[in-house]
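Just so it is clear, the values below take in all heavy atoms, side chains as well, and ignore hydrogens, waters and symmetry mates. Whatever order the structure lists ligands and atoms in, that order sets their numbers, starting from 1. Not measured: the values here are computed from a predicted model.
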Amino acid sequence: MITHSMPTLTQSDYSAVLKVLHSGHIVQGAMVRTFEEALASFIGVRQGVAVSSGTAALHLSLLALNIQEGDEIIIPSYVCPALLNAVMYVDARPVIADIDAATFNVDVTDIKGRITRRTKAIVVPHMFGSAADIDGITALGIPVIEDCAQSAGARHGHAYTGSFGVCSIFSFYATKMLSTGEGGMILSDDSEFSARVRDLRDYDEKDGYVVRYNYKMTDMQAALGVSQLQRLPSFIERRKKIAARYTDTLSDIGLAGPADAGEHIYYRYIVLTPDAASFIDRMSTSEISCRRPVFKPIHHYMGLSDCPVTDDIFSRAVSIPIYPSLSDDDADRIAAAMRENIAR
Ligand SMILES: *Cc1c(COP(=O)(O)O)cnc(C)c1O
């Protein structure tokens with residue numbers, strides 16, 4: 001069975017983590033700082049604050065933006081529930097927006113129709129490895145949290161995703177673009193904002209009692225992050241090569257994925273099929289593990305029915321295995337199986 005996704009771990013990763021273990025300093029320390037500075041400088045943003053997950057990064061971003069009970073936060077439907085959870089953690093009201101049929105990213109026109117006096121922030125994920133219409137969304141004048149959990153290293157124009165919002169969040173979950181097992185980061189150019197996030201992530205050494213969190217990253221994870229970040233450009237290059245192989249083989253049979261909306265780093269390679277469930281079944285018979293790119297749209301969890309584009313894409317979209325360690329032979333086997341199974 002060819003697995004759907006996996007982290008890319010090599011000897012240099014193992015040595016980086018071992019070095020921290022041998023040092024005896026395994027909690028948040030100098031290596032976390034190094035990782036924060038390395039990612040911030042790579043993306044082109046001043047401040048980085050590492051945390052325990054992408055979800056924690058979203059939670060602290062909302063707190064640092066001073067989101068209050070009843071404030072409305074716009075998030076797209078075609079994402080994982082982590083975004084909804086972060087909104088619920090701060091007792092805000094989630095407002096669910098539809099996606100664009102061509103890019104599968106959040107639709108700016110749809111967002112516009114959902115803005116009210118109570119809208120306090122928009123969370124904009126750059127889904128599957130390509131940038132959302134971040135210029136159109138920031139132009140609306142509402143604070144934007146960029147969610148780069150799937151777009152680390154993807155550019156929008158001349159700048160990296162993660163450098164456009166009031167802040168941006170990253171996830172380093174095992175199978176994301178780069179991995180620390182679990183982990184996350186908040187980037188921002190605003191040093192006061194970053195200081196608030198830094199204060200919220202750690203409960204100790206506060207003068208008066210305040211509710212704080214333990215969302216710290218360990219130096220073991222950070223060492224893995226630093227080591228992985230060095231190889232991010234090569235990860236992206238390899239993902240693009242595999243994607244080109246798929247696209248070449250499939251262009252003549254009308255299998256379409258997201259439209260080319262600028263650079264795509266192929267965190268996911270998605271094809272639109274007549275029916276996602278049966279295509280996934282047939283690929284599994286060919287010993288290839290495919291998935292729905294999103295397990296269940298947010299508006300389905302909430303019993304809503306006003307995201308028709310998400311409904312349509314959800315019923316047809318299938319994510320094909322793509323990761324740096326996937327061999328050319330396996331990629332060719334996958335392409336052949338797609339061709340065979342789409343024809344049936
Ligand atoms: C993975 C992911 C998250 C959550 O990150 P965790 O580290 O798993 O908490 C948030 N947003 C998007 C778009 C993701 O893909």
**Q** In terms of residue, atom name and distance, what is the protein heavy atom nearest to atom 1 (C) of ligand 1?
**A**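 Closest protein heavy atom to atom 1 (C) of ligand 1: Lys176 NZ, 1.4 Å.
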**Q** Counting heavy atoms not belonging to Tyr213, are there more than 12 under 6.0 Å from its OH?
**A**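 Buried by this count: over 12 neighbours within 6.0 Å.
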**Q** For ligand 1, which is the ligand I care about here, please tell me if Gln150 has any N or O atom under 3.5 Å from one of the ligand's N or O atoms.
**A**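 Yes, Gln150 has an N/O under 3.5 Å of an N/O on ligand 1.
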**Q** Quick one: does Asp147 get a heavy atom under 4.0 Å from ligand 1?
**A**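 A heavy atom of Asp147 does come that close to ligand 1.
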**Q** Taking non-hydrogen atoms only, is Cys80 closer than 4.0 angstrom to ligand 1 via side chain, backbone, both or neither?
**A**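 The answer is the side chain.
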**Q** How does Ala149 reach ligand 1, by side chain, by backbone, by both or by neither, if only non-hydrogen atoms under 4.0 Å count?
**A**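 Contact part for Ala149 vs ligand 1: side chain (C-beta onward).
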**Q** Please state which protein non-hydrogen atom is closest to atom 8 (O) of ligand 1 and give its distance, to 0.1 Å?
**A**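 Protein heavy atom at minimum distance: Ser171 OG, 4.1 Å.
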**Q** Identify the protein heavy atom lying closest to atom 4 (C) of ligand 1, giving its residue, its atom name and the separation to 0.1 Å.
**A**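 Its nearest protein heavy-atom neighbour is Ala82 CB, 3.6 Å.
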**Q** Hey, would you say the Phe314 and His300 ring centroids sit under 6.0 Å apart?
**A**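 Ring centroids of Phe314 and His300 are less than 6.0 Å from each other.
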**Q** Identify the protein heavy atom lying closest to atom 9 (O) of ligand 1, giving its residue, its atom name and the separation to 0.1 Å.
**A**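 Here the closest protein heavy atom is Thr55 OG1, 2.6 Å.
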**Q** Looking only at heavy atoms, which two atoms of Leu62 and Ala86 are closest? And how far apart?
**A**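 Nearest pair, atom of Leu62 first, then Ala86: CD1-O, 3.4 Å.
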**Q** Does any N/O atom on Met127 come nearer than 3.5 Å to any N/O atom on ligand 1?
**A**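 No, since none of the N or O atoms of Met127 sits under 3.5 Å from an N or O of ligand 1.
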**Q** Mind checking the CG-CZ spacing from Asp189 to Phe164? Nearest 0.5 Å is all I need.
**A**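 Here the interatomic distance stands at 11.5 Å.
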**Q** For ligand 1, which atoms have a heavy atom of Ser53 less than 4.0 angstrom away?
**A**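 Reading through ligand 1 atom by atom, the close ones are 7 (O), 9 (O).
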**Q** Ligand 1 versus Leu83, non-hydrogen atoms closer than 4.0 Å: side chain, backbone, both, neither?
**A**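 Side chain only.
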**Q** Just checking, is any N or O donor in the side chain of Tyr215 or His59 under 3.5 Å from an acceptor N or O on the other one?
**A**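 Note: Tyr215 and His59 side chains meet the donor-acceptor criterion.
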**Q** Can you list every salt bridge (Lys or Arg N to Asp or Glu O under 4.0 Å) pair that touches residues 291-307, not counting sequence neighbours?
**A**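 Passing the test, one end in residues 291-307: Arg114-Asp306.
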**Q** Can you name the nearest heavy-atom pair linking Phe128 to His264, along with the distance?
**A**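 For Phe128 and His264, the tightest heavy-atom pair comes out as O-CE1, 3.0 Å.
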**Q** Consider ligand 1: state whether an atom of it lies below 4.0 angstrom from any non-hydrogen atom of Gly184.
**A**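 Judged by the 4.0 Å heavy-atom criterion, Gly184 does not count as contacting ligand 1.
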**Q** How close do Leu224 and Thr180 get, heavy atom to heavy atom, and via which atoms?
**A**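 Smallest interatomic distance, heavy atoms only, reads CD2-CA, 3.8 Å.
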